[in-house]
2 protein chains.
Amino acid sequence: MPRIGLDLPTLLTAAAEIADREGFEAVTLASLAQKLQIRSPSLYNHIAGLPDLRRHLALRGLATLSAQLEQEVAGCTGDDSIRAFSRTYVAFARTHPGLYEAIQRAPAPDDELLQQAGGRVLDQVYRAMTSYGLEGDAAVHAVRAIRSLLHGFVTLERQGGFGIPLDLDVTFRLMVDTFLAGVKAMRTGEG
Amino acid sequence: MPRIGLDLPTLLTAAAEIADREGFEAVTLASLAQKLQIRSPSLYNHIAGLPDLRRHLALRGLATLSAQLEQEVAGCTGDDSIRAFSRTYVAFARTHPGLYEAIQRAPAPDDELLQQAGGRVLDQVYRAMTSYGLEGDAAVHAVRAIRSLLHGFVTLERQGGFGIPLDLDVTFRLMVDTFLAGVKAMRTGEG
DNA sequence: ATTATAAAACTAATGATATTAGTTATCGAA
DNA sequence: TTCGATAACTAATATCATTAGTTTTATAAT
């Protein structure tokens with residue numbers, strides 16, 4: 001019975017690798033145990049079960065994402081802050097599709113830590129939006145819109161929803177610019 | 001061994017009910033069999049297995065959605081056709097969350113029927129976009145953008161991703177209008 | 001009306017999964 | 001050196017999906 005010296009971070013790294021390579025659904029206690037060369041009940045020494053494992057993956061995903069946002073968006077202002085946020089967000093989802101899905105599948109209510117981690121990402125969007133000149137309800141609506149746009153794009157792209165062979169990066173840039181142009185138009189229209 | 005007289009449409013209606021009430025994942029052969037008062041192996045007389053059942057749900061979802069779009073968008077022109085499309089799309093996703101998820105989860109490539117059914121929905125967006133005055137690559141980009149926007153909104157809304165208590169219908173209308181304003185701005189900017 | 005066939009339901013059995021209970025051995029600290 | 005926490009284990013159970021093989025019921029053909 002050789003003790004393998006497994007700890008939670010190592011376990012999560014392995015799980016994240018499965019998720020990003022084979023998809024979120026491929027992360028099972030069986031597949032993870034096999035990858036780690038242990039029997040699946042042994043996993044319960046580190047996690048409480050499959051739901052708990054998925055929660056940990058979501059937390060790791062949110063931490064990674066907000067760290068990258070922090071790094072890339074800092075220092076940008078105006079349009080650039082929205083563009084930088086969008087670029088980083090999509091890049092994360094493309095690089096870590098499994099972790100990205102883990103974030104989406106995590107049931108946030110009731111979960112203090114998960115709420116906080118999600119909040120840190122949201123704060124980044126709000127900051128970008130404020131630096132862009134939007135406040136109050138307008139900012140809330142705008143944040144919802146950009147989140148919808150980015151999440152929808154990322155999801156459709158990954159599931160192959162965009163069949164036509166026309167460069168997706170072009171679509172993406174155009175899409176964000178259209179959003180920015182729309183916000184400007186709406187703002188001058190109201191002011 | 002009383003023959004229950006089950007047929008595929010009835011089976012699918014029951015499955016769709018489970019999906020829309022308890023979520024896509026709650027549709028298992030076990031839960032469906034229980035609802036239909038038969039043993040789960042008996043389901044194989046009507047479907048080829050769980051993947052096939054899910055595929056049928058996706059087909060039913062796409063048929064329902066495109067029928068509703070057909071009805072609601074017909075006759076609209078310009079901004080209104082985009083607005084009507086968006087409204088109908090979101091209404092469908094809200095009324096049939098399970099079917100909506102079935103559509104998203106269906107792996108389309110290789111599947112002739114599924115491709116066609118999806119194509120019918122896509123055609124509606126293109127028609128709306130053309131009636132809006134966009135053609136060629138611009139139309140493709142615009143279709144991708146509106147799809148991203150709507151799918152993202154619908155998904156985030158259903159998973160409770162919009163925490164703040166600010167009317168989501170307002171966000172939705174504003175979001176679509178912002179998109180329209182953006183497209184106009186980009187168009188005049190280029191022309 | 002009788003019979004033959006197709007198929008709709010069944011039981012039984014298999015393999016994968018998560019999970020729990022209980023066991024053993026190992027590491028680290030007293 | 002010993003003791004206790006714990007990381008790994010085995011064994012067992014419950015829930016799935018799925019396959020094989022059986023029975024019975026409609027329905028169509030004679």
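Here is how names work: the chains are called A, B, and so on, in the same order as the sequence lines, proteins then strands, and each is numbered from 1. Here the structure is a predicted model, which is why all the values come from computation and not from measurement.
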Q: Show the numbers, then the answer: is there a salt bridge (charged side-chain N to carboxylate O under 4.0 Å, His left out) between B:D123 and B:R120?
A: CA-CA 5 Å; B:D123 283 349; B:R120 272 192 287 278; over 6 Å; no
Q. Going through the distances and angles, do A:Y126 and A:F85 end up as a ring pair (Phe, Tyr, Trp, His ring centres under 6.0 Å)?
A. CA-CA 11 Å; A:Y126 274 105; A:F85 178 90; over 10 Å; no
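Residues passing the salt bridge (charged side-chain N to carboxylate O under 4.0 Å, His left out) test with B:D20, sequence neighbours excluded: none. With sequence neighbours excluded, no residue forms a salt bridge (charged side-chain N to carboxylate O under 4.0 Å, His left out) with B:E112.
A ring pair (Phe, Tyr, Trp, His ring centres under 6.0 Å) check over residues 164-187 of chain A, counting only residues at least two apart or in different chains, returns the pairs A:F153-A:F172. For residues 151-161 of chain A, the pairs satisfying salt bridge (Lys or Arg N to Asp or Glu O under 4.0 Å) are A:R94-A:E157, A:E101-A:R158, with sequence neighbours left out.
Closest to the A:R3 side chain, of the nucleotides C:dA8, D:dA17, C:dA25, is C:dA25.
For the pair A:I4 CD1 and C:dT26 C1', the computed distance is 13 Å after rounding to whole Å. Distance B:L11 CG to C:dA7 C1': 15 Å, rounded to the nearest Å.
Contacts with DNA chain D (heavy atom under 4.0 Å) in residues 36-49 of chain A: A:I38, A:R39, A:P41, A:S42, A:N45, A:H46, listed by number. Non-hydrogen atoms lying under 4.0 Å from DNA chain D are contributed by B:T28, B:L29, B:A30, all within residues 15-34 of chain B.
A salt bridge between A:K35 and A:E22 is absent, with no side-chain N of the basic residue lying under 4.0 Å from a carboxylate O of the acidic one. Remark: A:D167 does not engage A:R173 in a salt bridge, criterion side-chain N to carboxylate O under 4.0 Å.
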